[in-house]
Amino acid sequence: MLRIYNTLTRRKEDFQTLEPNLVRMYVCGVTVYNDAHVGHAMSALVFDVIRRYLEYRGYKVRHVMNFTDVDDKIINRANQLKEDPFKLAQRYIDDYAQNLKDLNILPAAVNPRATQTMNEILSMVKGLIEKGYAYAATNGDVYFRVTKNKDYGKLSGRKLDDMQAGARIEIEEAKEHPMDFALWKAAKPGEPAWDSPWGKGRPGWHIECSAMNLKELGEQIDIHGGGNDLIFPHHENEIAQSESFTGKPFARYWIHNGLLQLGGEKMSKSLGNIVSIKDFLSQRNADVMRMLVLNGSYRAPLIFNEETLDAAEKNLDRLRSGLRLALPNVKGVPAGSASELTSQAQTTQQNFINAMDDDFNTPLALAAIHELIKAINTARDNGASDDQLRPAQATLRELTGVFGLQLQDKKGSGDADKFIDLLVEVRGEVRKQKLWPLSDLIRDKLKSLGVTLEDSKDGTTWRWG
RNA sequence: GGCGUCGUGGCCAAGUGGUAAGGCAAGGGUCUGCAAAACCCUCAUCACGGGUUCGAAUCCCGUCGACGCCUCCA
């Protein structure tokens, strides 16, 4: 039974979907006004792994991830660059889609955008006004009336009174209550704007997500996710809007990932301590970022630095070692040993599932995989044939695939392979004649070209990397 | 100031009542002509101080510290 930590209840709960075998999952995407950074990648990776695991467990997952493509920051940036705000947003949407692809993140079923959900947003704002949950203020904005929503604050565990006390908010005089938040913002001259019963304007930040949920997934969803910096106010406000509008509980499970830490602080656009996904991928393989995420609990902060990245890279090398072919010229091991390996594969698979069922405990699941690696490598050392290794390696591929790891061999140009084979063969003759200096020279030269040779008693293997 | 998360070996990180998973690094060994890889072995008593318990990293109280949110933020 899968159990998931629910931010709403602050407990792990059994996972029950609204509809059998179908998971409605909404994950907050990004506001597109700049290059996405590795912190965004972390969040996307966390939910990609969750999705892959749910699918592995037999669920059909309808995964929705939005783009916020109109807001203050986009408008400001566009003004700065003297670019059309819609074009700017489109540019960064395309970039982000490419980032996700490069990170081997499965595409969402839909990527709704605020600007393409305007009808739903408008009707939701209207509905909230009609029900008394919102009001059009004198300044042209429409605000949500937090005092009308009796359990406002339930997600973040705050009370309205507490929030008033310490909040450093410029109190907008048009608001009835300082914590009321904008559903609709009146447009200033020159800003992108849509017609509405309250004059020209654009949606507030939170309402778009409520509207997109309603449009793409319905009134109630199973999983709503995002970084834990979104808990308040964004997700709190989403709940307030959605539940006030529909009168039904909104999301069953609220899942929030911890934030990536760079130099002891979270990485964020406003702090300026950013490593973009693009820059990261120009230096390291996508699997490295993924391994970094898998190595820790998704809810805990993730330490991102050269040291942790190097360790992640080595960890990947280790996983790859399990996929190597049998040693040359082996005769195979007794059937008993081979079936032991197969049974280890089954044990590992079960341990993997048990770990992941416990709130997606990827570090523990990874440890299970390492057990299998060790068993495979031992079998290989003992002379197991490829046929004997294959079933366990298939399990290894299967489980690392659930993690979304690609574990591609480091590659040179494929055309070179047969020449390398030839060199290795010739070197074999050289070694028979015990011409060690020459043999070592060939090995060293190949190493500097990115080809690693490994000699064993019965022959030599080579690989890129 | 309020709310919340957390503090496990050199580094990253599981474990949340019965005497500390895993990865990286380090040291030793097997194998090898050498090397590499692989395999084997070694390496922590869980921030600190109290308390509960037969028994606590794991529960409670306090102290110190870190981080997040309260304002745009994955």
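Here the structure is a predicted model, which is why all the values come from computation and not from measurement.
- Ring centers of A:H235 and A:H256: under 6.0 Å apart, within the cut-off.
- Pairing for B:C34 is absent, with no Watson-Crick or G-U wobble pair whose two atom distances lie under 3.5 Å.
- Distances shown here put every side-chain N or O of A:H370 at or beyond 4.0 Å from the OP1 or OP2 atom of B:G22.
- For A:D229, counting side-chain heavy atoms from C-beta on, the closest listed nucleotide (B:C69, B:C11, B:C39) is B:C69.
- Summarising the base pairing, B:C64 is matched to B:G7 through a Watson-Crick or G-U wobble pair whose two defining distances lie under 3.5 Å.
- Side-chain atoms of A:R443 and base atoms of B:C34 include a donor and an acceptor less than 3.5 Å apart.
- Within 4.0 Å (heavy atoms only), A:I231 reaches no atom of the nucleic acid at all.
- The only member of A:Y253, A:F47, A:Y26 that meets ring pair (Phe, Tyr, Trp, His ring centres under 6.0 Å) when paired with A:H224 is A:Y26.
- The distance from atom NE2 of A:H256 to atom P of B:G68 is 17 Å, rounded to the nearest whole Å.
- Comparing atom distances between the A:A311 side chain and each of B:A38, B:G23, B:A74 picks out B:G23 as nearest.
- In this entry B:U45 has no Watson-Crick or G-U wobble partner, no candidate having both defining distances under 3.5 Å.
- In the set B:G33, B:C12, B:A74, B:G33 carries the atom at the smallest distance from any side-chain atom of A:D440.
- Within the nucleic acid shown, A:N315 comes within 4.0 Å of sugar-phosphate atoms alone, with no base atom in reach, counting heavy atoms only.
- Taking only side-chain atoms of A:P233, from C-beta outward, the nucleotide of B:G33, B:A74, B:C70 with the closest atom is B:C70.
- Of the candidate nucleotides B:C70, B:C12, B:A37, B:C70 has the atom nearest to the side chain of A:R158.
- For A:N377 and B:C39, the shortest distance from a side-chain N or O to OP1 or OP2 is below 4.0 Å.
- Taking atom P on both nucleotides, B:C61 is separated from B:G27 by 45 Å, rounded to a whole Å.
- Here A:G225 lies out of heavy-atom contact (under 4.0 Å) with every strand.
- Note on A:K447: nothing from the nucleic acid sits closer than 4.0 angstrom, heavy atoms only.
- For A:M179 and B:C3, the CE to P distance is 15 Å, given to the nearest whole Å.
- Whole-Å rounding puts the A:Q261 CD to B:C12 C1' distance at 13 Å.
- Under the Watson-Crick or G-U wobble criterion, with both distances below 3.5 Å, B:C39 is paired with B:G29.
- Taking every side-chain heavy atom of A:S297 into account, B:A14 is the closest of B:A14, B:G33, B:G23.
- Both the sub-6.0 Å distance and the 45° axial angle are not jointly satisfied by A:R11 relative to the ring of A:Y5.
- Residue A:R431 is classed as a base contact, given a heavy-atom separation below 4.0 Å to a base.
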Taking N or O atoms only and anything under 3.5 Å, show me the protein contacts with nucleotides 15-21 of chain B, one pair per line.
| residue | atom | partner | partner atom | Å |
| --- | --- | --- | --- | --- |
| B:G15 | OP1 | A:N361 | ND2 | 3.2 |

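- When distances run from any side-chain atom of A:F232 to the nucleotides B:A74, B:C70, B:A37, the shortest one goes to B:C70.
- Tested against A:F181, the residues A:Y143, A:F232, A:F144 include a single ring pair (Phe, Tyr, Trp, His ring centres under 6.0 Å) partner, A:F144.
- Listed by residue number, the members of residues 450-458 of chain A with any heavy atom below 4.0 angstrom from RNA chain B are A:L453, A:E454, A:D455.
- The residue A:S156 sits close only to the backbone: its heavy atoms come under 4.0 Å of sugar-phosphate atoms, none of a base.
- In a base pair of the Watson-Crick type (N1 to N3 plus N6-O4 or O6-N4) or a G-U wobble (N1-O2 and O6-N3), with each distance short of 3.5 Å, B:G1 is matched with B:C70.
- Distance from the side chain of A:R10 is smallest to B:G4 among B:A74, B:A38, B:G4.
- Proximity of A:K314 to the phosphate of B:A25: a side-chain N or O atom is located under 4.0 Å from OP1 or OP2.
- Look at CG on A:L155: it is 17 Å from P on B:C3, rounded to the nearest Å.
- Rounded to the nearest Å, the gap between the C1' atom of B:G18 and that of B:A66 is 31 Å.
- The nearest whole Å value for the distance from the NZ atom in A:K175 to the P atom in B:U71 is 9 Å.
- Taking a pair to require two hydrogen-bonding distances under 3.5 Å in either a Watson-Crick or a G-U wobble arrangement, B:G17 remains unpaired.
- Summarising the base pairing, B:U58 is matched to no nucleotide, lacking a Watson-Crick or G-U wobble pair whose two defining distances lie under 3.5 Å.
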